[in-house]
Amino acid sequence: MLWWARRFRDQQAHKALISFLYKQFTTQLAIGVHQSSAHQASSLFPLLEACHRSKSIYEAKKIHQYLLTNNTHIEERWQLFEKLAQVYIACDLVGLARRVFDEIPKPSVILWNLMIRAYAWNGPFQEAIDLYHGMLNAGVRPTKFTFPFVLKACSGLQDVEVGQEIHEQKGTCPNSSTIVAVLPTVAQANALSQGKAIHGYSVRRNFCNDVVLGTGLLDMYAKCQCISYARRIFDILDVRNEICWSAMIGAYVMCDSMRDALALFVEMVCKSGMKPTPVTLGSILRASAKLNDLSIGRQVHCYAIKSGFELDTMVGNTLLSMYAKCGNIDNAARFFAKMMSKDTVSYSAIISGCVQNGYAEEGLLKFHQMQLSGIEPDVPTMVSVLPACSHLAARQHGACAHGYSIVHGFAIDSLISNALIDMYSKCGNLNFARKVFDMMYVRDIISWNAMIVGYGIHGLGVEALSLFNYMNAAGIKPDDVTFIGLLSACSHSGLVTEGKHWFYAMSQNFNIIPRMEHYICMADLLGRAGLLDEAHIFIQRMPFEADVRVWGSLLAACRIHNNIELGEEVSKKIQGLGPEGTGNFVLLSNIYSAVGKWDDAANVRIMQKNQGFKKSPGCSWVEVNGVIHGFVGGDQSHPQSTQIHEKLEELLVGMKRLGYHAESGFVLQDVEEEEKERILLYHSEKLAIAFGILSLSPRKPILVTKNLRVCGDCHAAIKLISLVTKRRITVRDTSRFHHFTDGICNCGDFW
DNA sequence: ATAGGGTTAG
């Protein structure tokens with residue numbers, strides 16, 4: 001009967017055959033033919049063979065069941081088990097295959113190899129290596145097929161040493177498929193010298209004209225950031241297929257040479273006449289995302305639609321991510337909505353896209369939608385969700401995400417831990433952040449940076465510095481971000497001497513050239529401390545032209561210290577730099593108001609209006625029982641709006657008794673004094689706090705986040721509210737935390 | 001043999 005199975009290679013025919021065989025088989029059972037065991041193997045073998053070819057799990061399981069409940073001839077029994085294990089492997093049922101495999105006393109080399117391959121492809125990789133050792137212990141000699149699989153498992157484990165050991169043990173000359181299998185390991189370990197040795201060996205053995213090997217080699221070089229070597233291999237190859245072209249284009253993207261990637265893509269399509277594959281499109285889309293070039297991305301999208309690749313999930317996900325990274329969140333959301341096959345990657349991409357574009361609430365909503373749709377979150381999903389919680393200071397959502405990560409074994413991942421450090425510190429729980437940090441197995445530079453930044457935004461400059469010293473002692477090299485965190489920490493804590501010291505040390509001792517961001521921190525540090533002239537000179541002596549943000553921080557310092565002359569000068573400077581200094585009009589107007597120059601303040605407002613600038617609306621958020629409540633100034637849309645307003649009026653009475661008077665200089669609208677008091681009273685942060693007081697139990701601290709810096713009147717008012725209500729209130733604005741207790745803020749009134 | 005989403009700073 002076997003020849004039947006061999007002749008029908010077409011899947012449909014196999015299905016038909018199976019049902020034919022299966023019926024025959026069950027009829028035999030029914031009429032008791034199975035009792036003559038001599039007949040069985042001949043009928044079961046072709047059946048299993050057919051199951052194998054058409055991957056028919058149901059029938060295979062039936063036969064399995066039959067074999068377990070009936071005694072077959074002992075020799076044939078193991079042959080049938082061998083075949084059955086192969087069927088299960090072919091159907092990706094590795095666990096079942098293993099159970100059958102373990103029953104067989106002396107599995108054949110072929111089955112050992114297949115079993116190892118199954119683990120090398122699907123994991124757990126360690127299982128493949130253990131099996132390999134088991135194979136040696138059982139006295140079975142590995143064949144040339146064994147090694148590529150074991151090496152692939154080593155590469156999955158990112159374990160070069162085991163790979164090499166096995167490589168040496170086998171003592172034979174590696175063939176080209178062995179080399180191809182070991183290359184990913186080399187790349188992952190960034191072991192360039194070993195990669196070169198393998199390359200040299202391939203040259204000596206004349207393997208280098210093999211496209212498969214060449215592609216593997218060029219990919220290895222690219223992953224080791226050796227783009228010129230990769231290109232040389234590409235150029236030398238006689239025959240190049242689309243996989244090879246795609247690999248080379250992807251190599252350029254990996255090495256941040258977007259222009260070269262695009263040029264090679266054009267060459268591929270126009271000159272060589274190759275057709276791009278979904279993988280090629282993916283690489284080009286990642287290139288346009290990195291270039292922040294929406295027009296290229298759009299063109300690729302058009303091509304993807306025409307070629308039908310738009311429906312490919314991988315291409316779709318890259319498109320989605322491209323739109324999000326180019327800041328076009330509307331297109332990303334629209335595309336996501338109409339995607340036919342959304343998977344974990346799609347959800348992770350849309351969640352991170354929302355968060356990166358400032359729609360963290362929407363990101364959490366998408367996460368919720370993901371759970372409802374039954375798609376399982378994985379590590380990257382949670383790494384996208386946690387920053388959403390950070391942005392919103394959503395403590396309960398953050399804690400849930402942490403719990404979920406622990407339960408699913410994600411928490412040991414350093415990306416998760418890093419995101420957790422950031423989440424806990426931005427949610428005001430610095431102790432938890434430190435606990436996560438301390439418990440980490442391997443801390444990378446991001447872990448240290450996140451922790452230093454955490455101390456900085458809580459106004460704990462001394463702690464930030466001591467952690468930085470500890471980092472140096474541990475031999476971890478700080479990077480440019482470390483210094484941004486460190487300098488801003490010094491700035492918030494008024495540590496001028498330390499800040500100056502580290503600013504100069506970073507280029508002298510650490511070889512890190514200060515960027516614009518570092519100069520912003522320094523201007524901020526000096527200005528905030530009242531050293532306005534020094535800050536001004538510092539900016540003028542910068543090695544490159546200061547931008548709006550640098551001047552803006554000096555202007556903010558002028559506002560704190562009420563320095564009109566310098567403020568006017570700086571403001572002119574900012575206006576000369578173009579239309580970016582939107583928020584700075586507010587600062588200048590505030591300076592005039594603060595010293596009673598109302599006309600000048602009004603003029604600035606008129607100027608602002610004439611130039612068509614609009615201050616972005618201030619929003620504040622507070623989380624109550626896991627629900628995020630958002631407020632804008634004067635907001636009446638909240639269901640409990642009336643109570644909130646009443647509460648604020650009530651608080652106003654208490655505040656006034658303690659000497660509060662509304663600082664109308666912070667109101668930019670041209671209205672009556674009493675109206676100004678109303679406007680200030682209904683600022684978004686005050687609304688959020690009032691709602692927090694109403695909804696949270698008196699013992700609970702109130703945590704509010706704001707999308708702008710907290711306003712001066714609110715800062716003064718919240719201090720009094722904390723005194724009147726005897727509650728701990730925390731406001732996190734764009735630059736730091738303000739912890740209000742008993743009428744005092746820990747920022748020391750400099751922010 | 002190539003291959004989609006992810007953490008810190010601004």
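Source: prediction; values computed, not measured. Sequence lines set the chain letters: A, B, ... in the order given, protein chains first and strands last, and positions in each chain run from 1.
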Between atom CZ in A:Phe234 and atom P in B:dA1, what is the gap in whole Å? 19 Å

Nearest-Å distance, CG (A:Asn209) to C1' (B:dA1)? 15 Å

Just jot down the ring pair (Phe, Tyr, Trp, His ring centres under 6.0 Å) partners of A:Tyr404, sequence neighbours excluded, or say none. A:His408

Contacts of A:Arg549 that satisfy side chain to side chain donor-acceptor pair (under 3.5 Å) - sequence neighbours left out: A:Glu517, A:Asp547

Rounded to whole angstroms, how far apart are CG on A:Asn357 and P on B:dG10? 18 Å

List the residues meeting ring pair (Phe, Tyr, Trp, His ring centres under 6.0 Å) with A:His458, not counting sequence neighbours, and say none if there are none. A:Phe737, A:His739

Rounded to whole Å, how long is the line connecting atom CG of A:Leu487 with atom C1' of B:dG10? 13 Å

Please tabulate, one pair per line, all N/O donor-acceptor pairs under 3.5 Å involving side-chain atoms of residues 328-336 of chain A, not counting sequence neighbours.
residue  : atom : partner  : partner atom : Å
A:Asn328 : OD1  : A:Asn331 : N            : 3.2
A:Asn331 : OD1  : A:Arg334 : NH1          : 3.1

A:Phe309 meets the ring pair (Phe, Tyr, Trp, His ring centres under 6.0 Å) criterion, sequence neighbours left out, with none

Here the distance between atom C1' of B:dA9 and atom CG of A:Leu525, to the nearest Å, is 16 Å

Which residues within residues 399-407 of chain A lie with some heavy atom under 4.0 Å of an atom in DNA chain B? none

Tell me: CZ of A:Phe468 to C1' of B:dT8, nearest whole Å? 15 Å

Presence of donor-acceptor pair under 3.5 Å, side chain of A:Asn241 and base of B:dA1: yes

For A:Ser348, enumerate each residue passing the side chain to side chain donor-acceptor pair (under 3.5 Å) test, keeping only those at least two apart in sequence or located in another chain. A:Thr381

If we ignore angles and hydrogens, is there a donor and acceptor under 3.5 Å between the side chains of A:Ser228 and A:Arg231? no

Nearest-angstrom distance from the residue atom CG of A:Asp479 to P of B:dG10: 13 Å

For nucleotides 2-7 of chain B, give me one character per nucleotide, 5' to 3': B if any protein heavy atom sits under 4.0 Å from the base, S if the only such contacts are to the sugar-phosphate, - if neither. BBBBBB

Return the set of residues passing ring pair (Phe, Tyr, Trp, His ring centres under 6.0 Å) with A:Tyr441 (not counting sequence neighbours), or none when no residue passes. none

Evaluate the side-chain proximity of A:Phe503 to A:Phe538: yes if any heavy-atom separation is below 4.5 Å, no if none is. yes

